[in-house]
Amino acid sequence: MSQNEQQEKYGLFVSSAGKSVDFWYLNASMMRSLQEEREEIIAQGLWRKVTPYGNKGTCTSAQDQREMRNFAANDYLGLASHPAIAEAFVEGIRTYGHGATASRLICGTSPAHVALEDSIAELKASDRALLFSTGFAAAMGTIPALLQRGDFVILDKLSHACLIDAARLSGATLRVFPHSDCINLEKILHALRAQHGSEPRIMIVTESVFSMDGDLAPLEELVRLKEKYDALLLVDEAHGFGIFGEHGAGLAEQIGLQKRIDLQMGTLSKAAGLAGGFIASSSVVIDLLINRARSFIYSTAPPPALAHAACQALTIIRSEEGKKLRQQLQNNIAQFTLGTMHDKHCTPIIPWILGSNEQALSASATLNKAGFLVPAIRYPTVPRNTARLRISLSARHTQEEIAELKLLLADM
Ligand SMILES: *Cc1c(COP(=O)(O)O)cnc(C)c1O
C-alpha cells in the first residue's frame, strides 16, 4: 500500500521522511475496548493473576516468606529439588555451556541433546525421540507436522489446551469425542472411514492421565480402535511419565502398549522436575518432525545443560530409587483418598469439585491461610460449573501434612 493510500484508509499521518507514523487517529478509536474486556473477566469471577513466591523456593510466600505446604505443583516424585539433578545441571553448564545459541538444525545440537533423546527412546521402547523446549511446543510442532487439510483429528473432550490448539493449527477437520467414551469414538471413526475412504490420515489424541481429573484413559481400547480403523494414536503422558510403569515410562509401559502407540508425548517439566517436551516415535515420524515441526525448526534448542540434567532425572526415574519414590507416592495417594469419594484413585491428581468459581476461590484462600498451597481451577481450564481445588500429591509429602490437609478439606 502506498503512503497516500495508507493515509486515506487508516487516517495515519506519515511524515515527509516516510518514517514515523503518528497515531493521532487513535483518540477517535472504535476498536474493541481492552479495558472493558478486562472488566468482563473480573465480573465473571475468572480473573487470574500471577503471584510471585518468596526467595526460598517455590513454596514460600512472597509477602512474609512463610513456608507453605505445596499441594499445587506437578512435582510428583520430588525431583524438582533433587541434589543429584541440581549437581548435573551445574556439571552440564561447565561441560556444555548454558545457551544452545541456535536452533537444533543450525548449530544447537549438543551431545547432551543426543544422549537425552537416546535415553527417552530407550525408556519409551521406541525407535527414536525428539526434544522440544516445552510440552506445549511439542504438541504445537507435532500435530500440524503430520496432519493437513483433508485429514481428521479426533480429540478426547478433556484434552489439554496445547493438543486442541495444535489440532486447530493443523488444518485437519476437528472432531471431539465425549471423555473416554470409546463407543462414541468408534462411531466417529466408522463414519469417517465410510464417508472419506481409507486415504485421509486420522489421528486420535488423548492424555493418559488427565491433567485436571486425574483419571486414566482407556488405552487398551483406544489402541484396538486405532488399529481397526488404521488411525494414528497420540498419547500425551504429561502426568503419567515418571509415575506409572516398571521404569516410570508412563501408563503405556504399565499396560505393555508402548510399541503400539504411534506418538508417545511427554514433558520433563512435571515428574522430572525440569523443563522440555518430547515425542517418542518411529524413525520415519521423527525424521518428518525434524523437517516439518515448526516449533522445533524455528526455535532455539533447550539449554544443553538442561538436557544433561534431564538425563540424570531419567536415570533416577528408571532406577530403584525411582521405583521407591513411585511406591511412596502411591502410599501417599492411598492415605489421602482413604475414606473419601476418591477411594481407590491411583493418580496423584485429585479433583475436589466445588462447582462455582466463588466456592473454589474461597476454599483455596482458606487453605492458603492455613499454610497450604492448593489452586482453584476454573473455566476455561475445566468446564463451567465444575470449578474445583486441584490437589497434587507428591512422594515428598509427609503423612502429617496429608492428614492435616484431609482434615481441612472435610469441612469444605
Ligand atoms: C503441562 C501439560 C502440557 C505442557 O507441558 P509443558 O512442558 O509444561 O509445556 C501438555 N499436556 C498436558 C496434559 C499437560 O498437563
Side-chain angles (χ1 to χ4, degrees), residues 48 50 58 72-77 79-80 85 113 116-117 120 124 129-144 153 155-170 176 179-180 203-217 219 222 233-244 249-252 261 263-281 293-296 299-303 306-307 309-310 313-314 317 347-351 375 377-378 380-383 388 390-394:
R48 301 168 186 227
V50 290
T58 55
N74 303 307
D75 184 20
Y76 304 121
L77 302 178
L79 297 190
I85 298 175
H113 293 123
L116 175 59
E117 288 172 343
I120 293 170
K124 290 283 184 178
L130 192 66
L131 179 68
F132 293 77
S133 309
T134 64
F136 207 107
M140 292 307 275
T142 299
I143 299 178
V153 53
L155 296 123
D156 184 288
K157 178 96 167 71
L158 295 188
S159 293
H160 190 266
C162 68
L163 302 170
I164 299 168
D165 289 1
R168 285 193 181 133
L169 185 64
S170 73
V176 173
H179 180 46
S180 291
M203 186 187 287
I204 303 167
V205 174
T206 186
E207 297 175 28
S208 64
V209 176
F210 283 86
S211 63
M212 293 299 142
D213 290 71
D215 58 336
L216 304 181
L219 283 192
L222 291 171
L233 176 61
L234 182 151
V235 178
D236 179 357
E237 290 249 37
H239 300 275
F241 183 66
I243 293 160
F244 288 114
L251 187 63
I261 294 170
L263 298 135
Q264 301 186 74
M265 178 177 144
T267 172
L268 302 166
S269 65
K270 283 155 187 166
L274 288 157
F278 61 82
I279 296 286
S281 189
R294 294 166 68 84
S295 61
F296 175 83
S299 188
T300 299
L306 179 79
L314 255 67
I317 284 173
T347 77
I349 301 165
I350 322 274
I377 308 285
R378 293 163 287 166
T381 308
V382 295
R388 66 196 65 186
R390 177 183 182 272
I391 298 147
S392 283
L393 298 171
S394 168

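Counting convention: from 1, in listed order, for ligands and their atoms alike.
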May I have a table of the N/O to N/O pairs between ligand 1 and the protein that fall below 3.5 Å, each row giving the two atom names and the distance to 0.1 Å?
{"from": "ligand 1", "atom 1": "7 (O)", "to": "G135", "atom 2": "N", "distance (Å)": "2.8"}
{"from": "ligand 1", "atom 1": "7 (O)", "to": "T267", "atom 2": "OG1", "distance (Å)": "2.7"}
{"from": "ligand 1", "atom 1": "7 (O)", "to": "S269", "atom 2": "OG", "distance (Å)": "3.1"}
{"from": "ligand 1", "atom 1": "8 (O)", "to": "S269", "atom 2": "OG", "distance (Å)": "3.2"}
{"from": "ligand 1", "atom 1": "9 (O)", "to": "G135", "atom 2": "N", "distance (Å)": "3.2"}
{"from": "ligand 1", "atom 1": "9 (O)", "to": "F136", "atom 2": "N", "distance (Å)": "3.0"}
{"from": "ligand 1", "atom 1": "11 (N)", "to": "D236", "atom 2": "OD2", "distance (Å)": "2.5"}
{"from": "ligand 1", "atom 1": "15 (O)", "to": "H239", "atom 2": "NE2", "distance (Å)": "2.5"}
{"from": "ligand 1", "atom 1": "15 (O)", "to": "K270", "atom 2": "NZ", "distance (Å)": "2.7"}

**Asked** Looking only at heavy atoms, which two atoms of L131 and F296 are closest? And how far apart?
**Response** O-CD1, 3.6 Å
**Item:** T381 and M212, any side-chain heavy atoms less than 4.5 Å apart
**Value:** yes
**Request:** Answer yes or no: is there a donor N or O on one side and an acceptor on the other, between the side chain of D75 and the main chain of G273, under 3.5 Å?
**Result:** no
**Request:** List the steps, then state whether side-chain hydrogen bond (donor to acceptor under 3.5 Å, both in side chains) holds for D215 with H179.
**Result:** CA-CA 10 Å; D215 58 336; H179 180 46; 2.5 Å; yes
**Asked** Is any side-chain heavy atom of L77 closer than 4.5 Å to a side-chain heavy atom of I317?
**Response** yes
**Asked** Does the side chain of F244 come within less than 4.5 Å of L216's, by heavy atoms?
**Response** yes
